[in-house]
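Below you'll find the structure, written out as structure tokens, and then a few comments.
When a ligand or atom number is given, it counts from 1 through the structure's own listing order. These numbers were taken from a predicted model, which means no experiment stands behind them.
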Amino acid sequence: METVIIKIKNTEMESQKAIQTAGEVIRSGGLVAFPTETVYGLGADALNPQAAHKIYEAKGRPSDNPLIVHISNWEDLGKIAANVPEQAKKLADKFWPGPLTMIFEKTKAVPFETTGGLKTVAVRMPSHPAALALIKAGGGFIAAPSANTSGKPSPTQARHVAEDMQGKIPMILDGGPVGIGIESTIVDVSEGIPTILRPGYITLDMVRETAGEARMDPGLSAGDVNIPPKAPGMKYKHYAPDADLILVEGASRNVQEKINSLAKEASKAGRSVGIIGTDESCCNYQYGIVKSIGTRKDEDTIARHLYGILREFDGQGVDVIYSESFSTPGIGQAIMNRMLKAAGYQVIKA
Ligand code: TXA
Ligand code: MG
């Protein structure tokens with residue numbers, strides 16, 4: 001299959017045309033990759049079981065890992081969610097369109113192929129104008145996981161999508177680099193206290209402030225293997241580069257010293273080394289290929305560059321990557337959640 005990549009800008013006539021064409025592909029049961037404000041998505045008609053099935057095939061995704069249904073207006077939620085609690089209304093009012101996904105009890109309209117066999121459905125209204133336009137053109141309900149091969153870092157640029165999906169899907173809409181760079185926050189509102197199943201740009205405090213109460217899914221904490229995570233996708237190795245990724249944690253001077261000594265040893269042993277530092281620390285590293293992921297003064301920059309940097313290191317054929325850690329209460333929590341998974345929980349304390 002030939003994959004067509006079409007550049008889009010929000011206002012131009014040509015872009016409108018491209019989005020209409022993409023909408024037709026979706027309505028006829030095909031796949032289209034498209035930009036959202038978080039990461040690129042791989043879209044299909046969420047209400048068409050065969051179309052949803054194609055997503056699993058293209059990604060090589062386990063069929064018990066449910067998809068997020070993307071909508072473009074509030075009225076459509078009632079068609080796929082059987083029950084919308086008051087707290088969910090408040091959250092939608094505050095954060096939609098935007099990087100928030102909520103889990104509801106599903107209606108019959110949503111096939112089990114889309115929900116990985118679950119009786120609940122994940123729903124998000126993205127804020128990216130091209131995504132909203134495509135959802136409208138595609139019939140209103142687009143199932144879209146991140147547009148990467150299952151297990152790989154999520155795509156934050158169209159060329160990342162092409163790396164993984166070239167030849168497997170008919171169309172990629174190229175809207176340039178995304179704004180946030182990390183997938184949406186997932187909040188389960190289907191029973192009791194709103195529960196964060198996947199941290200993201202919208203933090204626990206933000207959810208709490210709006211919904212009155214909220215908690216983290218106990219299955220999210222890395223140490224406890226006895227409680228399975230409630231979002232099925234969170235149990236798989238994920239976001240991972242081909243290289244071995246190792247996180248180093250501690251006071252910044254100690255971290256830099258530790259990474260230097262680890263990098264020196266690995267280089268001596270003949271391994272090709274990558275180092276993830278920040279604008280503040282990069283000049284202190286002496287071995288291997290050193291990249292800055294962003295500045296600690298603005299952790300949004302770190303979220304935005306995380307997946308791209310992992311893919312760059314893979315492109316350079318690095319064997320092992322040593323990275324600094326990030327664990328502040330804001331977006332740092334989501335960054336660390338993704339990094340720990342990408343590293344398979346390999347953490348060295350400095
Ligand atoms: O930002 C995002 O959410 C991106 C963009 C494209 O919108 N999409 C995305 O989808 O990250 P995906 O498939 O890569 O991640 C969806 C996550 C998985 O961990 C899945 O297990 C969880 O959502 N999920 C979906 N439906 C669920 C449900 N009914 N109950 C619990 N978890 C669910
Ligand atoms: Mg994903």
Any idea which atoms of ligand 1 are less than 4.0 Å away from a heavy-atom of [X]?
{"X": "Ala144", "result": "6 (C), 8 (N), 10 (O)"}
{"X": "Ile186", "result": "17 (C), 22 (C), 23 (O)"}
{"X": "Ser184", "result": "1 (O), 2 (C), 3 (O)"}
{"X": "Ile103", "result": "27 (C), 28 (C), 29 (N), 30 (N), 31 (C), 32 (N), 33 (C)"}
{"X": "Ile68", "result": "3 (O), 8 (N), 9 (C), 10 (O), 16 (C)"}
{"X": "Ser146", "result": "8 (N), 9 (C), 10 (O), 12 (P), 14 (O)"}
{"X": "Leu118", "result": "28 (C), 29 (N), 30 (N)"}

Exercise. Looking only at heavy atoms, is any part of Arg61 under 4.0 Å from ligand 1, and if so is it the side chain, the backbone, or both, or is it neither?
Worked result: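 It is the side chain that gets close, since no backbone atom is under 4.0 Å.
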
Show me the side-chain donor-acceptor pairs of residues 41-52 shorter than 3.5 Å, one per line, residues at least two apart or across chains.
unit_1, atom_1, unit_2, atom_2, d
Asp45, OD1, Leu47, N, 2.9
Asn48, OD1, Gln50, N, 3.0
Asn48, OD1, Ala51, N, 3.2

For this session: Report the hydrophobic cluster partners of Val248, with the cluster defined as I, L, V, M, F, W, Y residues connected by side-chain heavy atoms closer than 4.5 angstrom, directly or transitively.
Result: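 Via sub-4.5 Å side-chain contacts, Val248 links to Ile246, Val255, Ile259, Leu262, Val273, Ile275, Tyr285, Val290, Val320, Tyr322, Ile348.
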
Any nitrogen or oxygen of [X], main chain or side chain, under 3.5 Å from a nitrogen or oxygen of ligand 1?
{"X": "Thr38", "result": "yes"}
{"X": "Glu183", "result": "no"}
{"X": "Asn65", "result": "yes"}

Exercise. Is the shortest side-chain N to carboxylate O distance from Glu324 to Arg296 below 4.0 Å?
Worked result: yes

Exercise. If you count the non-hydrogen atoms of other residues, nucleotides and ligands that lie under 6.0 Å from CD in Glu2, is the total more than 12?
Worked result: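 12 or below, so no.
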
For this session: Answer with yes or no whether the side chains of Thr101 and Arg198 bring together a donor and an acceptor at under 3.5 Å.
Result: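 No - no donor-acceptor pair under 3.5 Å links their side chains.
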
Under 3.5 Å, which donor-acceptor pairs link side chains of residues 166-181 to any protein atom two or more places apart or in another chain?
unit_1, atom_1, unit_2, atom_2, d
Asp174, OD1, Gly176, N, 2.9

For this session: With 2.8 Å as the limit, jot down which protein N, O or S atoms are around the Mg ion (ligand 2).
Result: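 As for protein N, O or S atoms lying under 2.8 Å from the Mg ion (ligand 2), they are Ser146 OG.
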
For this session: Would you tell me which option among Pro145, Ser150, Ala147, Pro66 has the nearest heavy-atom contact to atom 24 (N) of ligand 1?
Result: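 The option holding the nearest heavy atom is Pro66.
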
For this session: State whether Phe112 and Lys106 meet the cation-pi test: NZ (Lys) or CZ (Arg) under 6.0 Å from the six-membered ring centroid, and within 45° of the perpendicular axis.
Result: yes

